[in-house]
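Taking it in order: structure first as structure tokens, then the write-up.
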Amino acid sequence: MRLLTVLSMLFTLSTSLSHARGVTIWAYEDLVKDSDVVMIASLFEASKRTGTQELFLSEFARKRGAEGFKVDSVLTKFTVMAVVKGEYDSIYLELHHHAYPEDFGPILNEWGFEWYEKINETFLVFLKRDHSRRLGPTAGYGDLVISFVKMVPDAGQ
């Protein structure tokens with residue numbers, strides 16, 4: 001009986017830490033290698049909807065002929081504290097990303113759209129240039145948490 005309880009607890013814990021869809025597992029070394037710019041950035045202006053919508057379609061879904069769905073455009077602003085790799089000439093980073101529309105309804109298998117609200121929260125940010133030379137999240141817009149890694153403050157502070 002104890003073994004069953006322990007196994008149930010482990011199963012519950014492991015599924016709460018995983019995604020219900022295929023997500024690439026990125027090692028730190030791979031993120032650094034695939035990124036054109038790596039920086040430490042602090043949230044300067046919380047996420048806000050811009051009032052426009054666009055069609056979101058992941059690369060995975062595009063390859064399989066899926067149609068995609070409408071998402072709200074979101075703007076979040078960060079202050080660049082340090083550039084660890086590459087070149088970045090501004091002290092600000094504007095992240096144009098997505099959120100589910102407020103009237104989207106229940107979401108069973110959601111994309112990792114993030115909403116940033118805690119001013120001065122610090123992130124290790126991995127960015128890659130697209131075909132037009134604009135910077136975007138290395139791991140893609142569907143899972144921002146992979147490219148914007150929350151840095152934990154020192155416990156002594």
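Positions are given from 1, in the same order as the sequence printed here.
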Minimum heavy-atom distance between Val71 and Ala99, given as atom pair plus value: CB-O, 3.5 Å
Min side-chain heavy-atom separation Phe126-Asp34 under 4.5 Å: no
Co-membership, hydrophobic cluster, residues Val145 and Val32, 4.5 Å side-chain: yes
NE2-CD distance between His97 and Glu114, expressed to the nearest 0.5 angstrom: 9.0 Å
Distance, nearest 0.5 Å, that separates NZ of Lys70 from CD of Glu54: 10.5 Å
Interatomic distance, Leu135 atom CG to Ser147 atom OG [nearest 0.5 angstrom]: 11.5 Å
Stepwise side chain to side chain contact (heavy atoms under 4.5 Å, CB included) check, Val149 with Trp26: CA-CA 12 Å; Val149 180; Trp26 287 80; over 6 Å; no
Co-membership, hydrophobic cluster, residues Leu75 and Phe148, 4.5 Å side-chain: no
Hydrophobic cluster identity match, Phe78 and Val74, side-chain contacts under 4.5 Å: no
Co-membership, hydrophobic cluster, residues Val80 and Ile119, 4.5 Å side-chain: yes
In residues 43-52, what donor-acceptor pairs under 3.5 Å come from side-chain atoms, sequence neighbours left out?
residue, atom, partner, partner atom, Å
Glu45, OE2, Lys48, NZ, 3.0
Ser47, OG, Thr76, OG1, 2.6
Ser47, OG, Tyr116, N, 2.9
Ser47, OG, Tyr116, O, 3.3
Arg49, NE, Asp72, OD2, 2.6
Arg49, NH2, Tyr100, O, 2.8
Thr50, OG1, Thr52, OG1, 3.1
Thr50, OG1, Ser73, O, 3.3
Thr52, OG1, Ser73, OG, 3.3

Heavy-atom donor-acceptor pair, Thr138 side chain to Leu127 backbone, under 3.5 Å: yes
Separation between CZ of Phe123 and CE of Met81, rounded to the nearest 0.5 Å: 12.0 Å
Can you give each donor-acceptor pair under 3.5 Å made by side-chain atoms of residues 87-96, sequence neighbours left out, with the distance rounded to 0.1 Å?
residue, atom, partner, partner atom, Å
Tyr88, OH, Tyr92, O, 2.7
Ser90, OG, Tyr92, N, 3.0
Ser90, OG, Tyr92, O, 3.2

CZ-CG distance between Arg133 and Asp36, expressed to the nearest 0.5 angstrom: 6.5 Å
